[in-house]
Protein chains: 4
Amino acid sequence: MNPIIENLNDHKIMSLAPDKRDRILNAAMKEFARGYKNASTDNIVRESGISKGLLFHYFRTKKELFLFLHDYALQMVLAEFFNLINLKERDILERWRQIVLLKIDLVHKYPAIFAFVNAVYMKENDEAALEISRRKTAFNDDVYGRLFSDIDTSLFREDIEPQKTVDVIIFTMEGYAAREASPDKSLEDYEPEYERILNEVDQYIALLRRCLYK
Amino acid sequence: MNPIIENLNDHKIMSLAPDKRDRILNAAMKEFARGYKNASTDNIVRESGISKGLLFHYFRTKKELFLFLHDYALQMVLAEFFNLINLKERDILERWRQIVLLKIDLVHKYPAIFAFVNAVYMKENDEAALEISRRKTAFNDDVYGRLFSDIDTSLFREDIEPQKTVDVIIFTMEGYAAREASPDKSLEDYEPEYERILNEVDQYIALLRRCLYK
Amino acid sequence: MNPIIENLNDHKIMSLAPDKRDRILNAAMKEFARGYKNASTDNIVRESGISKGLLFHYFRTKKELFLFLHDYALQMVLAEFFNLINLKERDILERWRQIVLLKIDLVHKYPAIFAFVNAVYMKENDEAALEISRRKTAFNDDVYGRLFSDIDTSLFREDIEPQKTVDVIIFTMEGYAAREASPDKSLEDYEPEYERILNEVDQYIALLRRCLYK
Amino acid sequence: MNPIIENLNDHKIMSLAPDKRDRILNAAMKEFARGYKNASTDNIVRESGISKGLLFHYFRTKKELFLFLHDYALQMVLAEFFNLINLKERDILERWRQIVLLKIDLVHKYPAIFAFVNAVYMKENDEAALEISRRKTAFNDDVYGRLFSDIDTSLFREDIEPQKTVDVIIFTMEGYAAREASPDKSLEDYEPEYERILNEVDQYIALLRRCLYK
DNA sequence: TATGAATGAGGATTCATTCAT
DNA sequence: TATGAATGAATCCTCATTCAT
């Protein structure tokens, strides 16, 4: 269904008992959230309560673990994301509204995954870094392609190029999201801010609708 | 004059002969561009032709070197930036135009500094990471504060909140910049693209002016 | 019948189905040809298609497997060797001639065994090394004892001690064999060289006969 | 002077204080005498009383240490060997006599070196193993070439090819040496056996002289 | 018999930092 | 100031062996 992410279920680790597997993957994500180099396989095994040997039984190298985790994280988010988003809604601003709400929920549901994904900047001049970079770009292209496919551009003002209109809307979305997700803001505080964020988003939506729509 | 960045001239290293100092700082920046953890003090001393002992004579720890470099880089860019920007121009969109042009120039003039600044994501849960994060935020607040201070909001449509208008403009600026600065694009290719970028920026400016201005 | 090599048939592994047993033993020999330490039990089980547990069911330790294999290899060669050699021939030089021909044949017939035997230099200061060394010496003493037993020393010159004459002949044989078996010479090339080797051997035999015989 | 062995004095380790250097090299040789894989860098540093880091400061890898040691050992032996052997003596059997005596002395003087050289069988399918094998062959060719150059073949019987005569003599020498150097014989016992060995060697020499010389 | 997940001590290597000179 | 040898904890990874099933 999604050709970008290879079939994770083929991986050895998927034959492990789910609770043990989750213990390992969660511990690994948590550790990699500190950055690739800072992450220590020793910490991962300590945290997940397994032996050194077992970790390397399932993942031949630290890099393989990292790469698997990356794809796993993206797939987890992705599956639920597209499951819940209503792609029938063709107004991009309405769709954004949905996305924001959904994202807040997901960040709460899978905090470790988001922490990990945000941290994935494997600064290395080797193949793995390029591979991650390539996958991330492909992933983003795919997600954005789907998320903003079949947009009803007839709603937009006619005196500006529709693609540029979409760009401004997306830039605004992302800019706002980045500002809200700045590292000082601990994820735990999101919930009480739900109202505030929704309110602000609605203000941006109103602004953009007034200025960019017919 | 700039309270955010402590006085770099107080640092021991500033008493070194400028050419030797530059050799050290450039080597260090180049190395840290690979990421904090990947950077090796061995490489730095080898590249700059000094001894291990001397490096640690001037900077007590790797972290101190890194932090110094960070402030140093920001100050370098900053000084030149504000020197050249015309703060008399009160139209935010015109100011953006200036900034884009200037930034392209600076990236060419100081590629090592920009490579370093872009790479500064020291994902660590220790003091240095928080410190960097704090300084960066302060720096950005300061820069943006100055860069977009004294804006003529009377140019904006009156049916929307001026601060939100500024936000949309800045989000668009940054979104566009981020897209252009994606890691696949090598800095060397910028020059021939100067025209293309300027052209695109002008299109966004025209759009925003038409939609957000009176 | 042969007191040096303990009865291999008493070993647990001998109750396994012959084809499966051979798969295991061949895989193990091939692997140990890389050297004792370099040999990996993982590779052995992968190659022979059995499970880790089963290997250690039959051989309690890697060392036991190795020791068994050593004896097994020697016995394999030995049995066939003495089966084919004509111990009626009492002229040591003629006997050598037979041995050379036979050895070339056997190396072709059991390349894995010879590769393994040649590689058996388990340099370790533990029990197994001494044990191997002891068995090898005993084996050689036994083989040479039998191979050169009942030699007709009346053929030798009478002005020299017969044992010394035998020594010189054996040293020449072994020296020549070692030179021909140097590791650069791949076993595959033996066949076309059959003629050359036989020719050279005959020259040495002629020389020794002329000088050492009456 | 000897083109086979590259200049060892260029190596970093040669700038170390001789006593410390010898402590390291001796410890390493002793350890590698157990075989390449069995040798543990931990043991080497423990034995030589230096830190882990220092060993890898001088030798970037275990393999580099091993290769250096190999060349070093050969050079040590070589230099003294050719220094003491009288190449004026053109009778190969007399020369052998000298060599045997000299070798016994050297084995006593440098037991660690000989133990190491005898043990050097790095069974690995990588470049280093081939490199060692290549160097050893080149070394042997060189040594034998020099050791048995300018031999007076006019002393030999005329009814046999001189090269074959030389072969038989060398095979006998090596065969005898190998038998005496078998691993069960600890090096310490050599001294009291000096007489016995010399006596036996003289017997072989007498035999060969009677049979192979005019 | 047969499986293969699980163990954990041991191995080579790295690297920021110190210190005697 | 300046050097670079020296340190050793930390890192990733291996592998013979065990054990529950």
Side-chain angles (χ1 to χ4, degrees), chain A residues 12-13 15-17 20-21 24 36-45 49-66, chain B residues 12-13 15-17 20 36-46 49-66, chain C residues 12-13 15-17 20 36-46 49-66, chain D residues 12-13 15-17 20 36-45 49-66:
Chain A
K12 224 182 194 176
I13 190 91
S15 57
L16 240 188
K20 195 167 193 175
R21 177 177 68 217
I24 296 175
Y36 181 78
K37 269 279 206 172
N38 294 308
S40 150
T41 54
D42 273 5
N43 289 344
I44 294 172
V45 302
I50 61 166
S51 72
K52 217 81 206 293
L54 193 56
L55 183 64
F56 285 94
H57 175 68
Y58 285 113
F59 302 98
R60 273 169 311 186
T61 62
K62 185 186 180 185
K63 207 170 296 184
E64 184 184 322
L65 167 59
F66 179 76
Chain B
K12 229 182 197 174
I13 190 88
S15 56
L16 241 188
K20 196 166 191 175
Y36 181 79
K37 265 283 200 173
N38 295 309
S40 140
T41 54
D42 271 1
N43 288 343
I44 294 172
V45 301
R46 197 179 310 120
I50 61 162
S51 73
K52 212 83 194 290
L54 195 55
L55 183 66
F56 282 90
H57 174 71
Y58 285 114
F59 301 98
R60 273 169 313 181
T61 64
K62 186 186 183 185
K63 207 170 295 181
E64 183 186 323
L65 167 59
F66 179 75
Chain C
K12 229 184 200 176
I13 190 87
S15 56
L16 241 188
K20 195 167 190 175
Y36 181 78
K37 265 282 200 173
N38 295 309
S40 140
T41 54
D42 270 1
N43 288 343
I44 294 172
V45 302
R46 197 179 309 122
I50 61 163
S51 72
K52 212 82 194 288
L54 195 56
L55 182 66
F56 282 90
H57 173 71
Y58 286 114
F59 301 99
R60 273 169 313 181
T61 63
K62 185 186 183 184
K63 207 169 295 179
E64 183 186 322
L65 167 58
F66 179 76
Chain D
K12 224 182 194 177
I13 189 91
S15 56
L16 240 188
K20 194 167 193 174
Y36 181 77
K37 269 278 205 172
N38 295 308
S40 150
T41 54
D42 271 5
N43 289 343
I44 294 172
V45 302
I50 60 165
S51 72
K52 216 84 204 290
L54 192 56
L55 183 65
F56 285 93
H57 175 68
Y58 285 113
F59 302 98
R60 273 168 311 185
T61 62
K62 184 185 181 184
K63 206 169 298 183
E64 183 185 322
L65 167 59
F66 179 76

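In what follows, every chain begins at residue 1, and chains take the letters A, B, ... in the order their sequences are listed.
Considering only the side chain of A/Leu54, E/dA5 comes nearest among E/dA2, E/dA5, F/dA2.
Under the Watson-Crick or G-U wobble criterion, with both distances below 3.5 Å, E/dT14 is paired with F/dA9. Applying the Watson-Crick and G-U wobble criteria (two distances, each under 3.5 Å), E/dT21 pairs with F/dA2.
In terms of heavy-atom proximity, C/Asp42 sits nearest to C/Val45 at O-CG2, 3.1 Å. In this structure, A/Ile24 and A/Ile44 approach most closely via the heavy-atom pair O-CG2, 4.4 Å. Listed here is the closest heavy atom pair of B/Arg46 and B/Asn43: NH1-OD1, 2.9 Å. Annotation for C/Phe59 and C/Ile13: closest pair CE1-CD1, 3.7 Å, computed over non-hydrogen atoms.
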Contacts under 3.5 Å, N or O only, protein and nucleotides 17-21 of chain F:
{"from": "F/dT17", "atom 1": "OP2", "to": "C/Lys62", "atom 2": "N", "distance (Å)": "2.6"}
{"from": "F/dT17", "atom 1": "O4", "to": "C/Lys52", "atom 2": "NZ", "distance (Å)": "2.9"}

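One atom, CD1 of D/Ile13, and another, P of F/dG4, lie 17 Å apart when rounded to the nearest Å. Whole-Å rounding puts the A/Tyr58 OH to F/dC15 C1' distance at 17 Å. The distance from atom CG of A/Leu55 to atom P of F/dC12 is 10 Å, rounded to the nearest whole Å. As rounded to whole Å, 6 Å separates atom P of E/dA5 from atom NZ of A/Lys12. Whole-Å rounding puts the B/Arg46 CZ to E/dA16 P distance at 12 Å. To the nearest angstrom, P of F/dC12 lies 13 Å from CG of B/Asn38. Going from atom CZ of C/Phe66 over to atom P of F/dC15 covers 17 Å, rounded to whole Å. Atoms CD1 (A/Ile44) and C1' (F/dC13) sit 13 Å apart, rounded to a whole Å.
Listed for the D/Lys12 side chain is a donor-acceptor partner under 3.5 Å among the backbone atoms of D/His57.
Side-chain atoms of B/Lys63 and B/Tyr36, non-hydrogen and from C-beta on, do get closer than 4.5 Å to each other. C/Leu65 is not listed as a side-chain neighbour of C/Thr41, based on a closest heavy-atom distance of 4.5 Å or more.
Both C/Gly49 and D/Asn43 lie near DNA chain E, and the one whose nearest nucleotide falls closer to the 5' end is C/Gly49. Residue order along DNA chain E, read from the 5' end via each residue's closest nucleotide, puts C/Ser51 first among C/Ser51 and B/Ser40.
On the C1' atoms, E/dT1 is 13 Å away from F/dT21, given to the nearest whole Å.
Partners of B/Lys62 under the side chain to side chain donor-acceptor pair (under 3.5 Å) rule, at least two apart in sequence or in another chain, do not exist in this structure.
At a threshold of 4.0 angstrom between heavy atoms, the contacts of B/Phe59 with the nucleic acid are absent. Here A/Ala39 lies in heavy-atom contact (under 4.0 Å) with sugar-phosphate atoms only. Contacts of B/Ser15 with the nucleic acid, taken as non-hydrogen atoms under 4.0 Å apart, involve only primed sugar atoms and P, OP1 or OP2.
Not one side-chain nitrogen or oxygen of A/His57 sits closer than 4.0 Å to the OP1 or OP2 atom of E/dA6. For the OP1/OP2 pair of E/dA2 and a distance below 4.0 Å, the side-chain nitrogens and oxygens of C/Lys20 include at least one atom meeting the criterion.
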